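What follows is a set of notes on a single structure, which appears directly below.
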There are 2 protein chains.
Amino acid sequence: MAYHHGDLRRALLQGALELLGEGGPSALTLRGAARRAGVSPAAPYRHFTDKRELLAAVAEEGFLALDRHAEEEIERAGADPVQRFRCHGLAYVRFAIDHPAHYRVMFGPEIPDKRLYAALDAASRAAYDRLRDSLRACQQAGVIPEGDIEIRAVRAWALVHGLASLFIDGQLAGTGASEREEFLKMVDTIFSASS
Amino acid sequence: MAYHHGDLRRALLQGALELLGEGGPSALTLRGAARRAGVSPAAPYRHFTDKRELLAAVAEEGFLALDRHAEEEIERAGADPVQRFRCHGLAYVRFAIDHPAHYRVMFGPEIPDKRLYAALDAASRAAYDRLRDSLRACQQAGVIPEGDIEIRAVRAWALVHGLASLFIDGQLAGTGASEREEFLKMVDTIFSASS
DNA sequence: ACCTGAACACCGTTCAAGT
DNA sequence: ACCTGAACACCGTTCAAGT
């Protein structure tokens, strides 16, 4: 067991991510993660003060992955700031619908006050900052009207987050966007038109 | 005990709503609701097949309350369709931030497939349909461009849902909209500009 | 310093039994 | 027809004890 060398924390996080992927948020238990790591139910408490701290680590990992995905997609989009912003929005939504359980933990109520977890807060902010930067690039290129960048960034974030959430929660049945591909086409239409 | 007369279902729903209001989603337990109603832990199973069915009833109640609130607010707004639509959006967000726990159950992952619960599905659809009708009234008055009403309605819904969710989850700290009143002002600005 | 074993107070759910 | 009592397999969490 390599866990006696100090990487039990990593093993628990890994196990938690596996449980989440296999059975959704309700399958993500502290005891289950301990089982996966081959330790007793009490062992995690040497590395996390409680379950919320494990969830915060899982959420942090999610924001890092989301940000990495967004970065890759906007690089692939080329140099045009409008195209980059458009792909950024699509990348955000695609990440959410491809990892619905992880996305839910990132925004869910199980972590009540996210400002208490500095690393999570930083990761979350970095993802938002990148979206705002994509928008600012459009503004500096003169292709969208001037105005408060913060308000425009919040609108863009709310839009992609709202679209992704409604789709994940199955609320879009009957709107002509209940299937993945139709939905992404609708996201493209809506997001591109609202910069 | 009047519960022997057939209203235990109502009493359990009432107890569930109280628990939700007092301690959030994690406090909403089947056993807790049974305790509030003065019955044994097994009694609820005569009225709900499992916990999810109780949650679906709670969520249904939430959509009905949301729709009632929206109806009242747009009536108070007068006859101008633009004003009515604006107040509709604000009413939606205000309901969410005033009843965050209830709002979370309405959209949360504890109810996996909402189409399985007909009454919940109908209540949810009614709330959406009213928002779409508010938007259609603007279109018929000629104050917003023509075009696919469904797409515009989904955009409006995603926007208010996204804004409300981000606020409830505490994700808007640092954007100048972390307090209730600043936030609602921002919602007004964003929503009015994106019909 | 890090982990185990055993315990506590909770869950959701089932099922025989009572009225 | 509706509810109880007791049980089962789970949780999160604590704490003395082991190495």
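Quick caveat: nothing in here was measured; it's all calculated off a predicted structure. A, B, ... follow the sequence lines: proteins, then strands. Residue 1 opens every chain.
- Here the nucleotide nearest the side chain of A:A42, chosen from D:dC3, C:dG5, D:dT13, is C:dG5.
- A straight line from CG of B:L28 to P of C:dC11 spans 11 Å, rounded to a whole angstrom.
- Of the candidates C:dT14, D:dG12, C:dT4, C:dT14 carries the atom nearest the B:Y45 side chain, counting heavy atoms from C-beta on.
- With a 3.5 Å ceiling on both atom-pair distances, the Watson-Crick or G-U wobble partner of C:dG18 is D:dC2.
- Contacts of B:R52 with the nucleic acid, taken as non-hydrogen atoms under 4.0 Å apart, are absent.
- A salt bridge is absent between A:E73 and A:R84; no separation between the charged side-chain nitrogens and carboxylate oxygens falls under 4.0 Å.
- If you measure from atom CZ of B:R31 to atom C1' of D:dC8, you get 11 Å, rounded to the nearest angstrom.
- Taking the charged nitrogens against the carboxylate oxygens, B:R52 and B:D113 have no contact shorter than 4.0 Å, which rules out a salt bridge.
- Within the 4.0 angstrom heavy-atom criterion, only backbone atoms of the sugar-phosphate kind lie near B:T29; the bases stay farther away.
- The separation between A:L8 atom CG and C:dA1 atom P is 17 Å, rounded to whole Å.
- Summarising the geometry, the separation between NZ on A:K51 and P on D:dT13 is reported as 8 Å, rounded to the nearest angstrom.
- In this structure, the CG atom of B:L30 is 18 Å from the P atom of D:dC11, given to the nearest Å.
- Regarding B:R46, its CZ atom lies at a distance of 13 Å from the C1' atom of C:dG18, rounded to whole Å.
- The residue A:R9 sits apart from the nucleic acid: no heavy atom pair falls under 4.0 Å.
- B:H161 and B:Y103 have tilted rings, their planes meeting at an angle from 30° to 60° on a 0 to 90° scale.
- B:L172 and B:L90 end up in the same hydrophobic cluster when Ile, Leu, Val, Met, Phe, Trp and Tyr side chains are linked at under 4.5 Å.
- We find that NE2 of B:H47 is positioned 10 Å from C1' of D:dA1, with the value rounded to whole Å.
- The partner of D:dT13 is C:dA7, judged by Watson-Crick or G-U wobble contacts that both fall below 3.5 Å.
- For the pair B:D129 and B:R136, the salt-bridge criterion is not met [side-chain N within less than 4.0 Å of a carboxylate O].
- What separates CZ of A:F48 from P of C:dC2 is a distance of 14 Å, to the nearest Å.
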